[in-house]
Amino acid sequence: MVMTQSTDSPPSPFNLKTYLGDRQPRIEAALDAAVTLAYPETIYEAMRYSLLAGGKRLRPILCLATCDLMGGHEAQAMPTACALEMIHTMSLIHDDLPAMDNDDYRRGKLTNHKVYGEDVAILAGDALLTYAFEHIARHTQAVPADRVLRVVADLARAVGAEGLVGGQIVDLASEGDDSVTVETLNYIHTHKTGALLEISVTSGAILAGADDGAVATLSGYARRIGLAFQIVDDVLDITATSEELGKSAGKDLQAQKATYPSFWGIEESRRQAQQLVDEAKAAVQPLGAGSEPLLALADYIVARTH
Ligand code: FPP
Ligand code: MG
């Protein structure tokens with residue numbers, strides 16, 4: 001009897017490392033090409049110094065992943081993916097300034113103002129912020145203009161007083177205040193980090209033409225992973241070393257900041273983060289097999305050590 005071998009092999013399990021290893025170099029190349037050296041060199045050097053300093057590129061990855069999930073192609077979302085990283089980077093440049101957190105190290109390197117001075121660092125942040133919007137508007141291809149406009153509007157809201165800036169100002173005002181409640185802490189984090197993560201997830205889907213129901217489902221996923229991300233960040237600030245983090249560890253305690261572990265302790269904080277991740281995964285499961293990167297990224301958030 002002749003045995004015919006099936007050409008169908010079982011689907012290989014999703015591998016996040018391979019997935020990231022495939023996309024991160026393309027994101028790096030797109031960022032490198034987006035901000036090139038020109039006159040006046042100092043500002044472009046300072047922008048590139050922080051923008052190309054590595055990092056997980058989590059926001060661009062999320063944007064590309066949801067564009068793919070909703071049937072779009074990478075070129076439609078790459079300018080927005082880069083813009084998200086530009087805005088994330090500028091927020092960190094400004095956050096590290098002496099007027100805010102006064103930090104010397106970021107992503108394992110001296111902070112922007114330590115290398116270029118405070119004046120240049122402020123301007124590098126401003127230039128990255130404004131260029132992010134120009135980059136989306138000018139370079140997004142094969143996407144109807146109304147979708148691009150919606151992404152620009154949603155992104156602007158996510159970074160302004162209703163988003164990152166709002167979260168940062170409440171964070172700064174809460175430093176050293178021992179009457180801060182867990183509700184205030186939630187406000188800080190859903191705005192300071194959550195808002196940009198949420199638009200990272202929804203923008204890719206919007207660019208791909210997802211309907212409102214799918215965008216709302218993805219928002220629910222993003223809000224949960226955003227909060228879980230911050231809880232884990234607070235835990236790592238206590239449990240990880242500065243070398244592991246690439247920035248100073250133990251700063252929250254030093255700055256007398258309210259954190260999730262300060263309310264719940266480390267074990268309960270980890271449990272809450274895990275629960276949020278489980279809920280986030282359950283929210284996107286109905287979107288089908290293409291949601292695997294989102295499921296794995298949610299797991300990665302609680303498992304990360306830096
Ligand atoms: C890091 O938090 C800081 C942020 C996530 C955002 C800060 C936002 C701003 C400075 C506003 C920027 C302006 C615009 C227009 C977006 P952290 O200090 O808790 O974390 P860290 O330990 O990594 O510094
Ligand atoms: Mg900081």
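Whatever order the structure lists them in is the order used to number ligands and atoms, beginning at 1. Residues: numbered from 1 along the sequence shown.
The ligand atoms of ligand 1 that sit less than 4.0 angstrom from a heavy atom of Leu129 are 15 (C). For ligand 1, the atoms sitting less than 4.0 Å from at least one non-hydrogen atom of Thr193 are 5 (C), numbered in the order shown with element in parentheses. Less than 4.0 angstrom separates some heavy atom of Leu164 from each of these atoms of ligand 1: 16 (C).
In terms of modelled atom types and a separation under 3.5 Å, the side chain of Asp103 and the main chain of Tyr105 share no donor-acceptor contact. Looking only at distances, no side-chain donor or acceptor of Arg270 sits under 3.5 Å from a matching main-chain atom of Val302. Tyr221 contributes a side-chain N or O that, together with a main-chain N or O of Leu294, makes up a donor-acceptor pair within less than 3.5 Å.
Residues Tyr260 and Asn186 have side chains that bring a donor and an acceptor to within less than 3.5 angstrom of each other. With no hydrogens or angles considered, a side-chain donor-acceptor pair links Glu268 and Gln272 at under 3.5 Å.
Nearest protein neighbour of atom 18 (O) of ligand 1, counting heavy atoms only, is Asp101 OD2, 2.7 Å. With hydrogens left out, the protein atom closest to atom 10 (C) of ligand 1 is Ser91 O, 3.4 Å, a heavy atom. The single protein non-hydrogen atom nearest to atom 11 (C) of ligand 1 is Val165 CG2, 4.2 Å, given as residue, atom name and distance. Closest to atom 24 (O) of ligand 1 among all protein heavy atoms lies Arg106 NH2, 2.7 Å. Closest to atom 2 (O) of ligand 1 among all protein heavy atoms lies Lys192 NZ, 3.1 Å. Remark: minimum distance from atom 7 (C) of ligand 1 to any protein heavy atom is reached at Gln168 OE1, 3.2 Å. The shortest contact between atom 22 (O) of ligand 1 and any protein heavy atom is with Lys251 NZ, 2.8 Å.
Using a cutoff of 4.0 Å between basic side-chain nitrogens and carboxylate oxygens, Lys281 and Asp299 are scored as salt-bridged.
Using a 4.0 Å cut-off between heavy atoms, Asp237 makes no contact with ligand 1 at all. The backbone and the side chain of Asp95 each have at least one atom closer than 4.0 Å to an atom of ligand 1 (non-hydrogen atoms only).
Atom NZ of Lys109 is surrounded by more than 12 heavy atoms from other residues, nucleotides or ligands within 6.0 Å. Few gaps surround CD on Glu41; more than 12 heavy atoms of other groups in view lie less than 6.0 Å from it.
Ring pair His135/Tyr131 is tilted by interplanar angle, where 30° to 60° counts as tilted.
Residue contact check for ligand 1: His88 places no non-hydrogen atom closer than 4.0 Å to it.
Angle OD2(Asp95) to the Mg ion (ligand 2) to OD2(Asp101), rounded to 10°: 100°.
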